[in-house]
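The next block holds one structure in the form of structure tokens; read it before the comments.
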Amino acid sequence: MDFSRRRTGFLLSIALFQASASVLLIVQVAVAQTSNDERRQRHSEGYCAMYDICGERSDGKVVNCPYGSPAVKPDELLSSKIQSLCPTITGNVCCTEAQFDTLRSQVQQAIPFLVGCPACLRNFLNLFCELTCSPNQSLFINVTSISKIKNNSTVDGIDFFITDDFGEGLYESCKDVKFGTMNTRALEFIGAGAKNFKEWFAFIGRRAPNNMPGSPYAIQFLPTVPESSGMKPMNVSTYSCRDVSLGCSCGDCPSSPVCSNTAISTSNKGATCSVQIGSLKAKCVDLALAILYIVLVSMFFGWGVFHRTRKRSRSFRMKPFTDAAEGGESHSLSRQKADNLPMQRLEDANQSSTGVQLSVVQGYMSDFYRKYGLWVARHPTLVLSLSVGMVLVLCLGLVRFKVETRPEKLWVGPGSKAAEEKRFFDSNLAPFYRIEQLILATIPDALNGKSPSIVTEENIKLLFEIQKKIDGIRANYSGSVISLTDICMKPMGEDCATQSVIQYFKMDPSYDADDRLEHVNYCFQHYTSAESCMSAFKAPVDPSTVLGGFSGSNYTEASAFIVTYPVNNALDKEGNETQKAVAWEKAFVQLAKISEFHMQCYVMEQDELLPMVQSRNLTFSFSSESSIEEELKRESTADAITILISYLVMFAYISLTLGDTPRLSSFYISSKVLLGLSGVLLVMLSVLGSVGFFSAIGVKSTLIIMEVIPFLVLAVGVDNMCILVHSVKRQPLDLPLEGRISNALVEVGPSITLASLSEVFVFAVGSFIPMPACRVFSMFAALAVLLDFLLQVTAFVSLIVFDFLRAEGRRVDCFPCIKASSTYAESEKGIVGGYWSCMIDESCSSNYRIAYETLGIGGRKPGLLARYMKEVHAPILNLWGVKIIVVAVFVAFALASIALSTRIEPGLEQKIVLPQDSYLQGYFNNVSEYLRIGPPLYFVVKNYNYSSESIDTNKLCSISQCNSDSLLNEIARASLTPESSYIAKPAASWLDDFLVWLSPEAFGCCRKFTNGSYCPPDDQPPCCSPNDTACGLSEVCKDCTTCFRHSDLHNDRPSTAQFREKLPWFLDALPSADCSKGGHGAYTSSVELTGYESGIIKASSFRTYHTPLNKQIDYVNSMRAARKFASRVSDSLKMEIFPYSVFYMFFEQYLDIWKTALINLAIAIGAVFIVCLVITCSLWTSAIILLVLAMILVDLMGVMAILGIQLNAVSVVNLVMSVGIAVEFCVHLTHAFSVNSGNRNERVKEALGTMGASVFSGITLTKLVGVLVLCFSKTEVFVVYYFQMYLALVLLGFLHGLVFLPVVLSMVGPPSRCIRVEKQDERPSVSSQP
């Protein structure tokens, strides 16, 4: 038997992301020494049942002689040896020195597993000491069968009579003992996972086949002896792990009295308040909001009834006087008024007019825009050139344009705690390895929906075929050929640590197994104890890491194979080692995908994996470490056409809505296609200018910026374009063009400025978000909106001048060089013909001119939408019943949205971010469905003081004499409540294993030669040659002694010098059958040895696992629970401890995402409020705008909850953006309301007639047509976060801006700013002067 086979697999595996490794312990039951008289056995005190060794099996296992004989008095040396191992054996014994040496060498394999709990170890040793050396052996041992070896009679089977009390005591003392290296119970290794003492005895007593671990003869454990046999069961006293004097740790004995005072946290989740009303159970917040709604609606309804009653009462009291005054003269007066209406209007116009009393800021803005409009209209070319030129200068920065695609740079801020912890972990311990993974699964039955088992002979053969192709992958990097063996992780330095079912066959398709299926099923149950199930990389393979879709431990029912390839990682992401891995990963993905071609740099077989799997009616999914980043890059171009179509649709609509009502005879003159196109180009120019500026100063762009900001700025810019053009078109036609431009800017300039500045401030607020993606987006968006606003009031106003000059010059749209015939001018006269005639006639120009203007003849006829708003929409909203319904419905939805928003979960499903046709979609589905183990969790300890003067060691460890509230004991305790702690297992502890490895009781572990150098266990070179068929006490290592005696240690703890000297030995020691506690492989990267000579270990880690995490909320809650646990333990132990898992860096944002969102939204709304207050100088107006904005925002969050949209960086950006866009729905209408005269209802009617149409056509419909195209996106993130959220925002903005806001203004709107101004007889002429 070669050396690698003899080491039996006590080789410790590194922790894998989905692979929990364990160690095999081969417990060869001590070769019992039989006594038998060939003619007759004697069962009495002082007699042996078997004595001495009479033979050796072909595999080297020795067997006893079946001869009964009196017990023998040993010499003093042998007696002291027996006493050191078996203190209950005194006086005569039934074993020779050779038998005792065999016993000692074999039980030493189990000692490292149990030494942490002295009670368990003592009971375990007593079992085998009594079996081998007890002087009263014949009383409880009966030889039942004999075999011949070289003509010598040898024991082949015995009955071992032992009481159930002893068996129960043994099992109870050992059942919870942990084997820290592999995060599992020691009984998994020395008892095959026995659930009671009978199962354990059955495992011990099994006769092992040749070259297999176990007893050389069969042992049957029986509780009762035959009648009249003179025998009695062995019943040595057992020790309880609860015995404080024996010092079992809390992790190994949770029932120990020292552990009972430490409370186990049963939940880390705050209790939610709920109220039971009959069979209905409601949250407290829901009930409170329902009560609040009832109170508010009742108060509002009562106020409405009181107001209407008071108004009617006043009208009733005034009616008799009105009737008396108007009774007889009403008819004649009406007729007279009708006859003299034109003259009356003239008189009123001559006597007085209305003006607007603006705030100080608005007054300055109006004066500025009046003068500025005149100047722009006179110098359009200069303004256009200067404004566009300045933005083009900013665009020069695009030469330094770069896109950031690395997730850690997008979602993790520079001050991130998780990022800092990851840097500490990577630089001091080791970077987490790269994961390449395959998942093969059976297809569920169409009738019952149950998936059949995947564990079949044919599917195992398929795994070998797939592995052959994986091994054949060759990638080219810098001229060198890269294969899996060049980059894979090799914990023992030889074979790759691949996690696959075929590891049970040593990854060898020719492995000698009579029945592969039977062998696999055997290994599922004995993967920790059977050498034949050992992996090629010398470590056992847990079935839960290579199988999926099973329940409990029913591995044979598994419906999925999971194959994992751990690949070495490096700190330098751009270094050669990482790039080699990336090159191989690309070849791996290429092989796994169906493809029409193979890249020239890859040399591989032409058959892809997918057809191979599908031919066996299986599903297939896969992923590599670089897959997500590569698919995100592809996603950035997947929807380019969709986004382009969205922009084109918006452009087409803009061109249509900017023009006049289409007339076939004049459409080519009145259309605004060229103006609309120019406006869109200005929007794109503002975006490019923003990107160019930030690129110039070294800020990288992101995919969100490239996809969202153009759409955002276009949506905002279109509003201004429509409002400006519509305002110019509303001006009297008698004014020269420069007067119309000036008046239009005076009319809408303040509201455009207010809306734009609000949006800029809203996005500027986002630059304080610590999340890089959100911060960068907000910076780019703020500057883009600012540039867009500046271009709108400069370049676009100049373009309006050019376009109106073109139209008045009868030139064709899009082809201004072509001039239309004079018939167009004639078609435009219509109703204003008389007006132009009046303008020519001097006698008419002073009087009738005013009449025409007063009657509205001097302007264009209002459009259909404007007439609807003024004549239909506004009157309906002015009805009291409608007002009550509107307020009740909107307040109800707002309060319901508050309740719903508490149900929004943080996170961002990876499947949503990826293209819908990505191969990773199926992979993530399979991961959630099939994986039965969570990601590894490390508890990292900083600055551990191991000196003998410090008590840090006992604060951390979990073996005998450790503190009951130590870190490892607390982890073990937390693992008992995985549903709240999200910790699946006790932690693997290098410190526990090191202390056990040092212990003199683990005499096969820490050993030294006579010269003081390290001596390995007897089954490792140089003690055992690889060519030896069996290893025993060799000449090379015969003089090796344990590193320490008990007297050398203080309370079983090493001194500072001893710790410092032996720790490197431990970390270099290979695990094997004689000592499973060697630290090489398992703990190589768990301890930072740099500078440890000072007595301080800068960094060390203890590994456990999270429970399976299937949803985003599970990842968030697991991280929160781990941090809370670490914080509590750190405070308790006064040590610096933090948890680390590979996903923490990306999920840290969600721990405080609600806080981040609410703070930024509050600041954004506050910024809008302050801007409104400064510009309008009206607290009343600003408060109404604030109320409507808050309701839109709250309702949008309610819609998010209804649609299941999660709270993350993208949705936070959208919510902040929604504040800016929602301003557009409120500001213009509110401004128009404040500058109109009349009562509130009349002012609402006028505001809707003028600005309502612009808000609907220029804001609502423009955004709506662009948003609807996004529903055809190939990427779900666009459908969910852009189509659904934007559509909800547009609809909510429309409803609040054109339904709720007018109702509020009509009820509690601010007073009008209009004042009556007495006029002289002469009407001032309209001039171009300000």
Side-chain angles (χ1 to χ4, degrees), residues 356-369 716 719-720 723 745-766 781-782 785-786 788-789 792-793 894 1160-1196 1215-1236 1240 1243-1244 1247-1248 1250-1252 1254-1255 1259 1289 1292-1293 1296-1298 1300-1314:
V356 179
Q357 187 179 16
L358 300 173
S359 69
V360 176
V361 177
Q362 286 178 314
Y364 281 116
M365 291 174 63
S366 295
D367 291 341
F368 167 78
Y369 277 120
V716 173
D719 305 343
N720 294 342
I723 291 170
L745 284 176
V746 170
E747 178 185 335
V748 300
S751 63
I752 288 178
T753 304
L754 174 58
S756 298
L757 289 180
S758 298
E759 290 160 352
V760 171
F761 275 103
V762 163
F763 291 119
V765 165
V785 171
L786 179 61
D788 180 60
F789 164 68
Q792 295 293 335
V793 297
N1160 284 278
L1161 290 175
I1163 295 176
I1165 295 178
V1168 173
F1169 176 76
I1170 292 173
V1171 171
C1172 293
L1173 187 61
V1174 169
I1175 293 179
T1176 65
C1177 295
S1178 172
L1179 182 63
W1180 200 333
T1181 301
S1182 303
I1184 291 177
I1185 293 175
L1186 179 67
L1187 171 66
V1188 178
L1189 284 180
M1191 290 185 67
I1192 292 175
L1193 192 60
V1194 168
D1195 290 352
L1196 182 58
L1215 288 171
V1216 173
M1217 183 178 68
S1218 69
V1219 177
I1221 293 179
V1223 171
E1224 299 278 351
F1225 292 96
C1226 307
V1227 168
H1228 302 297
L1229 195 69
T1230 306
H1231 177 72
F1233 174 83
S1234 65
V1235 298
N1236 275 304
R1240 288 191 176 101
R1243 290 159 60 198
V1244 165
L1248 285 172
T1250 55
M1251 294 306 300
S1254 296
V1255 170
I1259 300 178
L1289 172 61
L1292 290 172
H1296 283 79
L1298 295 181
F1300 181 71
L1301 179 60
V1303 169
V1304 172
L1305 291 174
S1306 70
M1307 297 172 64
V1308 293
S1312 173
R1313 290 184 178 273
C1314 285

Handout entry: Arg1240 backbone acceptor or donor facing Ser1306 side chain under 3.5 Å
Key = no

Practice task
Compare every heavy atom of Gly749 with every heavy atom of Met365, then report the nearest pair and how far apart it is.
Solution key: CE-O, 4.4 Å

Practice task
To the nearest 0.5 Å, tell me how far Leu754 CG sits from His1228 NE2.
Solution key: 8.5 Å

Handout entry: Test side-chain contact (heavy atoms from CB on, under 4.5 Å) applied to Ser758 and Val785, Ile1175, Val1223, the passing residue
Key = Val1223

Handout entry: Identified side-chain contact (heavy atoms from CB on, under 4.5 Å) partner of Val1219 from the options Val762, Leu1289, Ile1192
Key = Val762

Problem - Inter-residue atom distance Thr1181.OG1 - Leu1179.CG, 0.5 Å rounding - result: 9.0 Å

Completion exercise
In this structure, OG1 of Thr1230 is separated from CD1 of Ile1185 (nearest 0.5 Å) by 4.5 Å

Handout entry: Passing candidate, side-chain contact (heavy atoms from CB on, under 4.5 Å) with Val760, options Leu786, Val1171, Asp788
Key = Leu786

Fill in the blank from the handout: When every non-hydrogen atom of Ala1232 is compared with those of Met1251, the smallest separation belongs to CB-CG, 3.4 Å

Exercise for the section: Would you mind reporting whether Phe1233 and Val1244 have side-chain heavy atoms less than 4.5 Å apart? Expected result: yes

Problem - Spatial distance of atom CE (Met1191) from atom CG (Leu1186) [nearest 0.5 Å] - result: 12.0 Å

Problem - CG on Leu1189 to CG on Leu1161, rounded to 0.5 Å - result: 11.5 Å

Practice task
For residues Ser1218 and Leu1193, report the shortest heavy-atom separation together with the two atoms involved.
Solution key: OG-CD1, 3.4 Å

Practice task
Write down the atom of Val793, the atom of Tyr369, and the distance for their closest heavy-atom approach.
Solution key: CG1-OH, 4.4 Å

Exercise for the section: Count the heavy atoms of every other residue, nucleotide or ligand shown that sit under 6.0 Å from CZ of Phe761, and state whether that count exceeds 12. Expected result: no

Practice task
With rounding to the nearest 0.5 Å, note down the distance linking NE2 in His1296 to CG in Leu1229.
Solution key: 14.0 Å

Completion exercise
In short, Trp1180 meets Val1308 closest at the heavy-atom pair NE1-O, 2.6 Å

Exercise for the section: Output yes when a side-chain donor or acceptor of His1231 lies under 3.5 Å from a complementary backbone atom of Val1227, and no otherwise. Expected result: no

Exercise for the section: Could you check if a side-chain atom of Thr1176 sits within less than 4.5 angstrom of a side-chain atom of Gln362, using non-hydrogen atoms only? Expected result: yes

Exercise for the section: Go through the steps for Val1168 and Cys1172 under the test side-chain contact (heavy atoms from CB on, under 4.5 Å), then give the verdict. Expected result: CA-CA 6 Å; Val1168 173; Cys1172 293; 4.0 Å; yes

Practice task
Measure from the side-chain N and O atoms of Ser756 to the backbone N and O of Thr753, and report whether any donor-acceptor pair falls under 3.5 Å.
Solution key: no

Problem - Atom of Gly1297, atom of Pro1302 and distance for their closest heavy-atom approach - result: O-CD, 3.4 Å

Exercise for the section: With the side chain counted from C-beta on, respond yes when Val1304 and Ile1184 share a heavy-atom pair under 4.5 Å apart, and no when they do not. Expected result: yes

